[in-house]
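Data first, discussion second: the structure below is written as structure tokens.
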Protein chains: 2
Amino acid sequence: MFSIGEFSKLTGLTVKTLRFYHEQNLLLPSRVDGQSGYRYYSEDKIEIARMISTLRELEFTISDIHEILSQYDDEADILQYVEQHLDFISQRMKQDRLTIQSLRKILNKEKEAMKMMQAAGFEMQEKEIESLLVAGIRMKGRYCDCGKGFAELGKKVGRYMHGKPMMLCYDTEYREEDANYEVCFPVNEKCRSRNIEGVSVRELPAGKCLSLLHRGPYDELRRSYEVLMRIVNERNLELEEFSREIYIKGPGIIFRGNPKKYLTEIQLFYK
Amino acid sequence: MFSIGEFSKLTGLTVKTLRFYHEQNLLLPSRVDGQSGYRYYSEDKIEIARMISTLRELEFTISDIHEILSQYDDEADILQYVEQHLDFISQRMKQDRLTIQSLRKILNKEKEAMKMMQAAGFEMQEKEIESLLVAGIRMKGRYCDCGKGFAELGKKVGRYMHGKPMMLCYDTEYREEDANYEVCFPVNEKCRSRNIEGVSVRELPAGKCLSLLHRGPYDELRRSYEVLMRIVNERNLELEEFSREIYIKGPGIIFRGNPKKYLTEIQLFYK
DNA sequence: TTTACGGTCTACACCAACGGGAGAGTCAAC
DNA sequence: GTTGACTCTCCCGTTGGTGTAGACCGTAAA
């Protein structure tokens with residue numbers, strides 16, 4: 001006969017846990033001293049304790065263990081419990097996988113944005129941009145409706161996405177209404193052969209551009225455009241058909257309402 | 001201003017949850033009627049509620065959310081929280097993966113054993129056995145010491161294991177002590193090229209045998225051997241150097257103490 | 001015999017994130 | 001005024017234990 005402390009050391013279960021299992025009628029002491037209330041465990045309880053810890057390590061609930069131990073004595077008899085439990089754990093793992101995906105997405109998004117910021121700074125730069133495969137949806141109307149376009153694009157080609165969302169602006173001057181633009185995502189090669197309704201997949205040509213990183217809400221973008229346009233005029237550059245806006249950091253997954261930290265790269269291509 | 005019920009429908013959070021978040025100072029109503037105690041939420045609380053649900057979906061704790069919302073307003077600021085949380089979830093997933101592995105192992109073991117039992121029945125059979133790649137450790141001593149051998153074998157070649165554990169018995173008669181046997185595992189081809197100290201990897205030749213399924217504890221195996229030996233003598237068969245015991249079902253991972261359900265196949269090879 | 005010290009006892013509170021239900025009060029429409 | 005839907009507070013239950021307080025027990029040294 002072992003005292004509860006000795007039995008605890010033998011089985012690896014804490015004294016508290018042993019008392020709890022006693023209360024739950026899961027692992028009864030062999031004898032309880034009537035006067036002192038001390039619990040005493042005989043050797044044959046060790047095997048039961050081992051079974052219980054094994055089942056707990058497999059994350060069975062106490063009530064499952066209760067049923068299993070009181071009704072069966074062979075693994076073949078509890079296959080339905082095991083299968084059910086396997087389903088349960090698999091379910092949880094699936095959920096965790098999704099959670100991890102989302103968390104990774106947040107991390108990657110922010111880390112990329114930080115890298116971009118450090119690399120670029122907030123000065124105007126002249127850049128040589130390589131050609132870029134994109135999928136886009138042409139839009140007409142207000143700029144602020146672009147969200148719908150991005151949502152649709154996300155549904156249709158989200159899985160091929162390979163870079164930050166962009167906008168191609170076909171207007172030569174700012175328009176409140178009836179603007180002419182295209183929302184698009186850089187996509188990977190798998191998307192090239194796809195023919196998706198309403199979506200244009202094509203390669204944007206390489207070229208030279210003036211680039212400026214804009215920090216702040218979208219309705220202040222005009223100021224950055226003005227800065228760039230002054231330079232264009234000074235240098236007498238001839239602009240290409242459309243400019244690009246690259247949304248390096250927009251509304252986050254968690255925090256959406258702080259446009260002060262939005263980060264947008266404007267690229268004005270010239271010939 | 002929305003009543004708690006309306007706000008609940010808008011946000012997808014239950015009324016109970018909203019009251020709980022109020023109690024936790026996480027999502028305060030915009031106004032609480034002094035007399036009736038009714039909670040009223042203004043529109044700007046919707047965004048906060050969305051953030052909270054998003055964070056809860058990502059399985060952040062209430063206290064994490066509290067810190068996050070009260071101190072920060074941009075995803076870049078909470079990267080350390082996200083990373084830490086990612087670690088935590090990954091850890092849990094890793095644990096779950098192990099649990100699932102163990103549960104699958106139990107299922108597979110039992111299902112294989114059941115298949116074998118149904119296929120074989122408990123009659124003596126004549127079988128043609130194909131050649132079999134095994135890894136084995138030669139033992140001398142008592143049969144009941146074979147557990148140590150299997151443990152060592154499991155450590156050294158467990159990852160190549162490809163079938164039920166077996167024993168090769170080199171004795172022509174039963175010996176209590178000083179028995180001469182070899183514990184072994186069938187292994188896959190990856191093991192063939194390995195040179196592992198103390199372990200012999202080789203191909204057991206194909207051949208004909210008398211096979212009998214024995215159900216019950218190992219110390220009753222002799223009875224089944226006797227049954228087989230009578231037939232050997234009747235037919236005047238000449239036996240090969242060693243017989244095989246295949247442990248189709250032995251002590252389980254959970255239940256170990258019911259040898260009545262153990263299942264062992266005895267194979268006596270003859271020329 | 002007393003005292004010290006460690007082991008053990010019961011009983012209660014606590015964790016996380018709510019859900020259920022009782023009993024009472026409130027709001028808005030008819 | 002009444003009805004029915006809504007809301008309030010308060011308390012309990014969940015899961016698998018852990019932490020703590022205050023009392024009791026057992027054994028050995030002084």
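Order of the sequence lines sets the chain letters (A, B, ...), proteins ahead of strands, with each chain counted from 1. Computed from a prediction, not measured in an experiment: that's the story for all the values here.
- Taking atom OH of residue A/Y41 and atom P of nucleotide C/dG7, one finds them 17 Å apart after rounding to whole Å.
- Counting only heavy atoms from C-beta on, A/I62 has its side chain closest to D/dG16 among D/dC8, C/dC9, D/dG16.
- Neither OP1 nor OP2 of C/dA16 sits under 4.0 Å from any side-chain N or O of B/S63.
- Salt bridge absent: A/K249 and B/E75 never bring a charged side-chain N and a carboxylate O closer than 4.0 Å.
- Between B/Q24 atom CD and C/dG19 atom C1' there is a gap of 15 Å when expressed in whole angstrom units.
- Using a 4.0 Å cut-off between charged nitrogen and carboxylate oxygen, B/E220 and B/R215 do not count as a salt-bridge pair.
- Remark: B/H162 engages B/N188 in a side chain to side chain contact (heavy atoms under 4.5 Å, CB included) (not counting sequence neighbours).
- Comparing the local axis fitted to the first five base pairs of the helix from C/dT1-D/dA30 to C/dC30-D/dG1 with the one fitted to its last five gives a bend of 40°, rounded to 10°.
- Using modelled atom types, one finds a donor on one side chain and an acceptor on the other under 3.5 Å when comparing B/T99 with A/E59.
- Applying the ring pair (Phe, Tyr, Trp, His ring centres under 6.0 Å) rule to pairs touching residues 4-51 of chain B yields B/F7-B/Y41, sequence neighbours excluded.
- Classification of B/E110 and B/K115 as a salt-bridged pair fails, no side-chain N sitting under 4.0 Å from a carboxylate O.
- With rounding to whole Å, B/I4 atom CD1 is found 12 Å from C/dG19 atom P.
- In this structure, B/F60 places its CZ atom 12 Å from P of C/dA17, rounding to the nearest Å.
- Rounding to whole angstrom units, CZ of residue A/F20 and P of C/dC12 are separated by 17 Å.
- Taking every side-chain heavy atom of A/R39 into account, C/dC9 is the closest of D/dT7, C/dC9, D/dG16.
- Ion pairing between A/D74 and B/R256 fails under the 4.0 Å rule for side-chain N and carboxylate O.
- Using a 4.0 Å heavy-atom cutoff across all strands shown, B/R19 reaches at least one base atom of the nucleic acid.
- Under the side chain to side chain contact (heavy atoms under 4.5 Å, CB included) criterion, B/R97 pairs with A/M93, B/M93, not counting sequence neighbours.
- The side chain of B/R56 has C/dC18 as its nearest neighbour among C/dT8, C/dC18, D/dG16.
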Scoring nucleotides 22-30 of chain C by protein non-hydrogen atoms under 4.0 Å (B base, S sugar-phosphate only, - none) yields ---BBS---
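- One atom, CD1 of A/I52, and another, P of D/dG16, lie 13 Å apart when rounded to the nearest Å.
- The main-chain N or O of B/I254 is found under 3.5 Å from a side-chain atom of A/R50 such that the two form a donor-acceptor pair.
- Side-chain nitrogen and oxygen atoms of A/T61 include none within less than 4.0 Å of the OP1 or OP2 phosphate oxygen of D/dT15.
- The distance between atom CD of A/E23 and atom P of D/dT15, rounded to the nearest whole Å, is 14 Å.
- The side chain to side chain contact (heavy atoms under 4.5 Å, CB included) check on B/S42 picks up B/M1, B/S30, B/D44, B/K45, with sequence neighbours excluded.
- Atoms NE2 (A/H22) and C1' (C/dA11) sit 16 Å apart, rounded to a whole Å.
- Within the 4.0 Å cut-off from OP1 or OP2 of C/dA17, not a single side-chain nitrogen or oxygen of B/T17 is found.
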